Amino acid sequence: MMEKYLNVALPKGRLGEKVYAMFDRAGFPCPAILDNTRKLIFENEERHVRYFWVKPSDVAIYVERGAADIGVAGKDILLEYEPDVYELLDLGCGQCRMAVAAKKDFKDNTKRPLRVATKFTNIASRYYLAKGRDIDLIHLTGSIEIAPILGLSDVIVDIVETGTTLKENDLEVKETIFPISARLIANKSSYKFKADVIEALRENLEKETQK
Ligand code: PRP
């Protein structure tokens with residue numbers, strides 16, 4: 001028998017709360033989710049929807065492997081990991097950009113590879129490959145901004161939202177790589193077998209983004 005629930009992976013945190021509010025208005029409410037508990041899974045039996053909170057960078061994994069039928073992930077994650085999922089809609093929220101940043105006085109010495117610190121190694125590699133610039137890639141998992149300050153790297157490739165983190169660490173944007181926003185994604189076989197409900201949700205969410 002086909003599973004009657006629509007399983008939705010939401011990114012835990014500020015963006016997830018905004019996104020849940022959109023799903024609620026789109027006809028898939030689950031009020032229990034707003035209770036301030038440490039629970040990670042919530043169901044609305046009447047609407048046949050089940051939400052779970054996962055780390056934002058893990059949403060695409062749940063969706064790709066079918067543990068979630070649909071989910072919401074940033075364009076940064078989709079471009080970094082290239083998961084085999086359908087991208088159904090730009091939700092318009094969670095806007096920021098992928099950028100190259102460095103110390104204000106940074107000058108590129110093209111005689112040696114550029115040392116690039118980042119969480120986004122695939123994005124950084126592709127970007128510099130396309131520019132024909134040799135790099136020495138340094139894979140970090142957080143606090144990327146201190147790498148150029150301590151001389152670990154020449155530049156960083158990271159997400160910039162308000163620019164406050166860069167400013168407070170005396171760095172500045174040197175190049176913008178691409179704009180980022182949150183996307184609705186679907187598991188490929190769920191999209192086939194739960195087409196009606198996913199399509200209805202997508203259409204309602206699209207109307208929400210136009211308000
Ligand atoms: C991102 C990014 C920057 C910060 C930029 O980190 O890595 O550190 O946000 O935001 P700002 O321009 O508004 O200062 P995030 O908060 O996603 O946390 P993470 O480093 O744990 O991924």
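Counting from 1, the numbers follow the sequence of the chain as shown. Given the structure is predicted, the values throughout are model-derived calculations rather than measurements. Whatever order the structure lists ligands and atoms in, that order sets their numbers, starting from 1.
At under 3.5 Å, a nitrogen or oxygen of Glu145, whether backbone or side chain, sits near a nitrogen or oxygen of ligand 1. Residue-to-ligand polar distances place Gly163 within reach of ligand 1: an N/O pair is separated by less than 3.5 Å.
Among all non-hydrogen protein atoms, the one lying nearest atom 9 (O) of ligand 1 is Ile159 O, 4.4 Å. The protein heavy-atom contact nearest to atom 17 (O) of ligand 1 is Lys119 NZ, 4.9 Å. Given atom 7 (O) of ligand 1, the protein heavy atom at minimum distance is Asp158 OD2, 2.8 Å.
Between Glu45 and Lys4 no salt bridge is recorded (no basic side-chain N to carboxylate O distance below 4.0 Å).
The distance from ligand 1 to the heavy atoms of Thr165 drops below 4.0 Å at these ligand atoms: 4 (C), 5 (C), 8 (O), 10 (O), 11 (P), 14 (O). Each of the atoms 11 (P), 12 (O), 13 (O), 14 (O) of ligand 1 lies under 4.0 Å from some heavy atom of Thr162.
Without hydrogens or angle criteria, Asn44 side chain to Val49 main chain gives no donor-acceptor distance under 3.5 Å. Proximity of a side-chain donor or acceptor of Arg47 to a complementary backbone N or O of Gly27 within less than 3.5 Å is detected.
Distance check for atom 22 (O) of ligand 1: a protein heavy atom is found below 4.0 Å. Note that atom 19 (P) of ligand 1 has protein non-hydrogen atoms nearby, at separations under 4.0 angstrom. For atom 14 (O) of ligand 1, the nearest protein heavy atom is under 4.0 Å away.
Both tests pass for Arg50 against the ring of Tyr5: distance under 6.0 Å to the centre and angle within 45° of the axis. Relative to the ring axis of Phe106, Lys174 does not place its NZ or CZ within 45° and under 6.0 Å from the centre.
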* To do: Test Val173 against Val100 for side-chain contact (heavy atoms from CB on, under 4.5 Å), laying out the working first.
  => CA-CA 6 Å; Val173 169; Val100 177; over 6 Å; no

* To do: Go through the steps for Tyr191 and Glu199 under the test side-chain hydrogen bond (donor to acceptor under 3.5 Å, both in side chains), then give the verdict.
  => CA-CA 8 Å; Tyr191 189 67; Glu199 217 17 66; 2.8 Å; yes

